[in-house]
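Below is one structure, written out as structure tokens, with a few remarks after it.
One-based numbering along the sequence shown.
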Amino acid sequence: MTDFAPVQEKLTAIMTAHTDYAKASFEANKGYFEKLATLKAPNEAMQLTTDHMKSAYETFVAEAKKIGEMYKTFFATAFKPTAR
């Protein structure tokens, strides 16, 4: 009988990583819009937007690499051929 616990653990870790990133992204965007609503000068709004977009991009790239490695490890271990 095949033990699916390691596969389930890896999939759960991947799903948790996706969920954590989505939550963090939502909170960062929420904070951005809250700050944006309080600004009066257009140049402050442009600077805030630039900083937010740069941070969002850097975070996305880092998380995509991390989650990509998790998928790579998952597929390498979960679907390796078995000897008969």
Side-chain angles (χ1 to χ4, degrees):
M1 181 167 211
T2 305
D3 183 21
F4 289 105
V7 172
Q8 184 177 2
E9 288 174 12
K10 288 188 184 338
L11 286 175
T12 300
I14 291 169
M15 187 184 310
T16 300
H18 278 291
T19 303
D20 290 347
Y21 171 68
K23 286 179 184 178
S25 179
F26 176 80
E27 289 299 322
N29 286 327
K30 179 181 165 190
Y32 162 71
F33 282 112
E34 288 171 350
K35 288 178 188 175
L36 188 63
T38 64
L39 297 179
K40 304 282 188 225
N43 62 331
E44 292 174 349
M46 285 298 282
Q47 185 62 49
L48 179 67
T49 300
T50 300
D51 294 343
H52 175 69
M53 291 299 146
K54 181 180 178 189
S55 175
Y57 174 75
E58 290 170 350
T59 302
F60 171 77
V61 170
E63 289 296 315
K65 286 180 182 178
K66 182 180 91 174
I67 294 171
E69 284 298 317
M70 293 173 81
Y71 275 111
K72 184 178 173 182
T73 303
F74 169 72
F75 284 113
T77 58
F79 297 107
K80 62 182 170 186
T82 56
R84 289 186 190 207

Worksheet item: Taking atom CD of E44 as the centre, does the number of heavy atoms from other residues, nucleotides or ligands within less than 6.0 Å exceed 12?
Response: yes
Worksheet entry | Exercise: identify the closest heavy-atom pair between T49 and L36 | OG1-CD1, 4.4 Å
Discussion item. If I take atom CD1 from residue I14 and atom OG1 from residue T19, how far apart are they, to the nearest 0.5 angstrom?
Written reply: 11.5 Å
Item to complete: Treat each ILVMFWY residue as a node, draw an edge where side-chain heavy atoms are under 4.5 Å apart, and state whether L11 and F75 are in one component.
Response: yes
Worksheet item: Can you name the residues that form a ring-ring contact (aromatic ring centres under 6.0 Å, His included) with F60, not counting sequence neighbours?
Response: none
Practice prompt. Give, for atom OG1 of T16 and atom NZ of K23, the distance between the pair rounded to the nearest 0.5 Å.
Written response: 9.0 Å
Worksheet item: Any donor-acceptor pair under 3.5 Å linking the side chain of S25 with the backbone of Y21?
Response: no
Discussion item. K66: which residues meet the salt bridge (Lys or Arg N to Asp or Glu O under 4.0 Å) condition with it, sequence neighbours left out?
Written reply: E63
Worksheet item: Are more than 12 heavy atoms from other residues, nucleotides or ligands located less than 6.0 Å from atom CE of M53?
Response: yes
Worksheet item: What residues, two or more places apart in sequence or in another chain, satisfy ring-ring contact (aromatic ring centres under 6.0 Å, His included) together with Y32?
Response: H52
Worksheet item: Would you say the side-chain atoms of Q47 and N43 include a donor-acceptor pair closer than 3.5 Å?
Response: no
Fill in: In one Ile/Leu/Val/Met/Phe/Trp/Tyr side-chain cluster, 4.5 Å: L39, F33
yes
Discussion item. Quick check against the 3.5 Å criterion: does S55 have a side-chain atom that pairs as donor or acceptor with the backbone of D51?
Written reply: no
Practice prompt. To the nearest 0.5 angstrom, please state how far the OG1 atom of T73 sits from the NZ atom of K10.
Written response: 7.0 Å
Worksheet item: Cluster question for you: counting only ILVMFWY and a side-chain heavy-atom cut-off of under 4.5 Å, with indirect links fine, are M70 and V7 together?
Response: yes
